[in-house]
Every structure is written in C-alpha cells, then in structure tokens.
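Note sheet for the following structure.
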Amino acid sequence: DAKTTQPPSMDCAEGRAANLPCNHSTISGNEYVYWYRQIHSQGPQYIIHGLKNNETNEMASLIITEDRKSSTLILPHATLRDTAVYYCIVTFTGTASKLTFGTGTRLQVTL
Amino acid sequence: DTAVSQTPKYLVTQMGNDKSIKCEQNLGHDTMYWYKQDSKKFLKIMFSYNNKELIINETVPNRFSPKSPDKAHLNLHINSLELGDSAVYFCASSQSGSGETQYFGPGTRLLVL
C-alpha cells in the first residue's frame, strides 16, 4: 500500500470549513484513497473514499488531484463534534486488502 | 441496534492469564478484522477473516488465536498474557467486494498487570 503524509495537527473555528490535506505520491492506479476518523476513545469511523473523481457525501467532500498524488478532505461546516484524528489511507480493494493507519491529523475545532 | 459489538468493554487481568474478547456484527458482512491500538495510539491490523477463513495474519505472536465460529462472529483468544499486550483492541467488519469501508466496534480496553 502507498504511504501517506499528513500534517500532525490542525485547528479550525467552528462553522468554518476544515481542509485536511494528504500526500500520497506513490499511489498506484488501482489504489483508492480512504478517509477515516477516530473521535477520542471510540472506534474509527469511515468518512469517504474515492479513486479518481471528487466525491461528496453527507459528511464530507474529497478532492483528489488530477495526478492522484494528493487529496484534500473537506468538512464544510466544522462543529466541535468533528474534533478527532483524521486518517488518510491508500489501499487497493478486495478480500485481502487492509487498512494501514498512519499517525493522522489531529483536528481541533474551537469556538 | 449496534452494528459491531465487542465484549467485554474493559478487561483487567494478571500476566500469564488466558483471556478472550468477543466480537459480533449484524451487518451481514463477509469479512471481519481485529486491530490493536497501543499506548502511542498506533492502530495496526492483526487478523482478517473472510467467510470464516483466515486471510490476513500480520505476524502476530501465536499466543493470539482468532476463532470465527460463523461469519458474524470473530473472537480473539490470548494465551499467557504479557504486559505488552495492554492495548485497545478493535473489531471491524466489511462487505468484501465493496471496497474497504470498514465498520468498527467500540473497542476492548485490555490492561495486563
């Protein structure tokens, strides 16, 4: 699986958009970009994933660059409940695939 | 209803003991996993099972033995517990063939004294 690089921490004011970057310059053609988050003391939670195109769901948007070497997770209106560690993971899909969690980005949403 | 449940939530035990952690999912998924999150918060996969068959074993000591009686359950048995086994253990499940959207349980906090 391709390695990812994320900033260790970020701050965001409540109500503003949180933009979390991720570099994955060694991603291969059949690998997806996944985003999970872990709120303190809870199990990781799936947010969104994509291959080439930008994706949006009820939680977030995922912007993948054309060369697929980086991506940005966007939380459009961050709330205090979005304070968590966010993990960007690159993996192929299938029965033997696995999630390799890095150190992630600790997002602190403040009033 | 809880999608992925684990029991117990907390487990405190002495070194050398044998303990089990149970995991159940009611999502109808084919694949289940065990992860370990250590004190430094690194989250690492240990095992994955697909339809009761072992698929991934990430060089975990053989003191750890997963058991899958059916595809809705994946239990983790740990023999001869060591201090270094203290961690939070997470179970997860996914529907094979639909990508790696995994659903995680709440975790079992194991403390070995």
Side-chain angles (χ1 to χ4, degrees), chain A residues 1-4 6 8-9 24 27-53 55 57-60 62 64 71 73 83-108, chain B residues 2-7 9-10 21 23-25 27 29-60 68 71 87-109:
Chain A
D1 293 342
K3 183 178 177 180
T4 61
Q6 300 177 249
S9 64
H24 31 79
I27 191 170
S28 62
N30 63 346
E31 288 183 309
Y32 286 73
V33 180
Y34 278 79
W35 283 84
Y36 281 76
R37 72 181 182 183
Q38 187 174 24
I39 297 170
H40 179 63
S41 297
Q42 298 182 19
Q45 177 189 25
Y46 165 79
I47 301 173
I48 198 168
H49 75 283
L51 182 63
K52 296 180 181 178
N53 300 322
E55 302 289 342
N57 63 20
E58 64 279 4
M59 289 182 68
L62 173 60
I64 302 174
S71 60
L73 177 74
T83 293
V85 178
Y86 287 77
Y87 297 97
C88 169
I89 300 167
V90 173
T91 185
F92 66 92
T93 62
T95 303
S97 61
K98 60 185 180 182
L99 298 177
T100 302
F101 288 82
T103 52
T105 295
R106 180 171 297 279
L107 176 68
Q108 180 69 52
Chain B
T2 303
V4 182
S5 59
Q6 296 179 227
T7 53
K9 188 173 181 180
Y10 299 96
I21 306 172
C23 178
E24 177 181 3
Q25 55 93 3
L27 298 168
H29 288 166
D30 292 329
T31 307
M32 296 185 72
Y33 312 80
W34 277 109
Y35 288 82
K36 177 181 180 181
Q37 188 166 40
D38 61 23
S39 59
K40 295 183 178 179
K41 303 297 184 182
F42 290 118
L43 188 60
K44 293 184 180 180
I45 189 168
M46 300 173 69
F47 302 101
S48 78
Y49 268 72
N50 177 263
N51 279 319
K52 302 193 298 176
E53 290 190 24
L54 180 65
I55 301 297
I56 294 174
N57 181 341
E58 288 289 301
T59 61
V60 176
S68 183
K71 72 174 191 177
V88 182
Y89 293 84
F90 290 100
C91 177
S93 72
S94 71
Q95 183 61 55
S96 56
S98 66
E100 282 319 295
T101 303
Q102 295 184 18
Y103 296 83
F104 284 77
T108 295
R109 285 142 187 84

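Since we're looking at a predicted model, the values are computed, not measured. Just so we're on the same page: letters track the sequence lines, and every chain starts at 1. In what follows, every heavy atom counts, from backbone to side chain, and hydrogens, waters and symmetry copies are set aside.
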Please state whether the side chain, the backbone, both or neither of [X] comes within less than 4.5 Å of a heavy atom of chain A.
| X | result |
| --- | --- |
| B/K41 | backbone |
| B/Q6 | neither |
| B/Y35 | side chain |

Side-chain heavy-atom pair B/T31, B/H29 within 4.5 angstrom cut-off: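 No, their side chains stay 4.5 Å or more apart.
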Test item: B/E58 and B/K44 side chains (from C-beta on) under 4.5 Å apart, heavy atoms: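 Of all side-chain heavy-atom pairs linking B/K44 with B/E58, none is under 4.5 Å.
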B/R109 versus B/Y10, side-chain donor and acceptor atoms under 3.5 Å: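 No donor-acceptor contact under 3.5 Å links the two side chains.
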Any residue meeting side-chain contact (heavy atoms from CB on, under 4.5 Å) with B/V60, in chain and number order, not counting sequence neighbours: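 With sequence neighbours excluded, B/V60 shows a side-chain contact (heavy atoms from CB on, under 4.5 Å) to B/M46, B/F47, B/N57, B/F64, given in chain and number order.
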